[in-house]
Amino acid sequence: MPNIELYGIARHSAESITLVAVLSKLPLKDEIVMTSFQGSICADLNGSPQPFIRVISTDENEIEIIVKAIKSIEFLHLDIETLKISGFYPKS
């Protein structure tokens with residue numbers, strides 16, 4: 001289950017809405033979840049906003065597919081951080 005985490009990005013912003021639209025076209029769309037840290041402030045030490053997206057999955061190929069899709073959004077100039085985790089244990 002790939003998780004897309006949004007830091008410093010409002011859940012209902014143009015960036016977030018476009019991100020959902022693009023990810024909804026992927027073959028693994030039914031596996032993706034998004035986590036939005038509402039009200040989070042992501043800034044550098046000078047106080048300048050530094051929003052970013054983190055893509056988390058157990059599958060490196062899924063990460064690459066998602067990153068490629070995110071990078072296809074031309075107006076979305078955000079850093080993307082990836083994290084490959086060692087396991088996922090679904091609820092019973």
Side-chain angles (χ1 to χ4, degrees):
M1 176 191 311
N3 187 354
I4 314 302
E5 295 181 344
L6 307 177
Y7 291 87
I9 304 165
R11 180 67 176 101
H12 298 289
S13 65
E15 294 88 354
S16 180
I17 292 167
T18 303
L19 187 60
V20 169
V22 168
L23 295 175
S24 294
K25 296 177 184 173
L26 295 178
L28 56 129
K29 67 181 180 206
D30 294 331
E31 300 295 319
I32 295 174
V33 297
M34 289 183 69
T35 304
S36 178
F37 296 93
Q38 293 289 359
S40 67
I41 298 172
C42 187
D44 62 21
L45 295 179
N46 295 317
S48 299
Q50 297 294 331
F52 71 97
I53 298 169
R54 179 179 292 148
V55 180
I56 304 169
S57 181
T58 57
D59 186 312
E60 188 69 37
N61 290 327
E62 288 179 349
I63 291 172
E64 291 304 316
I65 289 167
I66 293 167
V67 168
K68 184 177 179 182
I70 294 169
K71 286 185 170 187
S72 75
I73 304 170
E74 292 183 16
F75 76 89
L76 194 66
H77 300 288
L78 297 171
D79 291 333
I80 303 170
E81 180 180 275
T82 62
L83 179 61
K84 183 172 185 264
I85 57 175
S86 63
F88 172 75
Y89 306 95
K91 62 186 174 212
S92 313

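Everything numeric in this text was worked out from a predicted model, so none of it was measured.
- The heavy-atom pair separating T58 from G87 by the smallest distance is CG2-C, 3.5 Å.
- N61 meets the side-chain hydrogen bond (donor to acceptor under 3.5 Å, both in side chains) test with no other residue; sequence neighbours excluded.
- Taking OG from S57 and CD1 from I4, the interatomic distance works out to 8.5 Å, rounded to the nearest 0.5 Å.
- Linking ILVMFWY residues whenever their side-chain heavy atoms come closer than 4.5 Å, directly or via other members, places L23 and I73 in the same cluster.
- Within the structure, side-chain hydrogen bond (donor to acceptor under 3.5 Å, both in side chains) contacts touching residues 3-24 (residues at least two apart or in different chains) are N3-T35, E5-Y7, E5-R54, Y7-R54, R11-S16, S13-E15.
- A chain of hydrophobic side-chain contacts below 4.5 Å, direct or via other Ile, Leu, Val, Met, Phe, Trp or Tyr residues, connects V22 to V20.
- Residues V55 and I70 are in side-chain contact: their nearest non-hydrogen atoms beyond the backbone lie under 4.5 Å apart.
- For the atom pair CG of L6 and SG of C42, the computed distance is 11.5 Å after rounding to the nearest 0.5 Å.
- Taking CD1 of I65 as the reference point, atom CD of E62 lies at 7.0 Å (rounded to 0.5 Å).
- The side-chain hydrogen bond (donor to acceptor under 3.5 Å, both in side chains) analysis of residues 82-92, with sequence neighbours excluded, yields no pairs.
- For the pair L28 and I66, the minimum side-chain heavy-atom distance is below 4.5 Å.
- Applying the side-chain hydrogen bond (donor to acceptor under 3.5 Å, both in side chains) rule to Q50 yields the partners D44; only residues at least two apart in sequence or on another chain are considered.
- Listed by first then second residue, pairs satisfying side-chain hydrogen bond (donor to acceptor under 3.5 Å, both in side chains) with a partner in residues 65-80 number zero, not counting sequence neighbours.
- F75 and I53 end up in the same hydrophobic cluster when Ile, Leu, Val, Met, Phe, Trp and Tyr side chains are linked at under 4.5 Å.
- Within a 6.0 Å sphere centred on CG of L83, heavy atoms belonging to other residues, nucleotides or ligands number more than 12.
- The structure places CD1 of I9 at 4.5 Å from CG of L78, a figure rounded to the nearest 0.5 Å.
- In terms of the ring pair (Phe, Tyr, Trp, His ring centres under 6.0 Å) criterion, F88 has no residue partners (sequence neighbours excluded).
- Interatomic distance, L26 CG to E31 CD, rounded to the nearest 0.5 Å: 12.0 Å.
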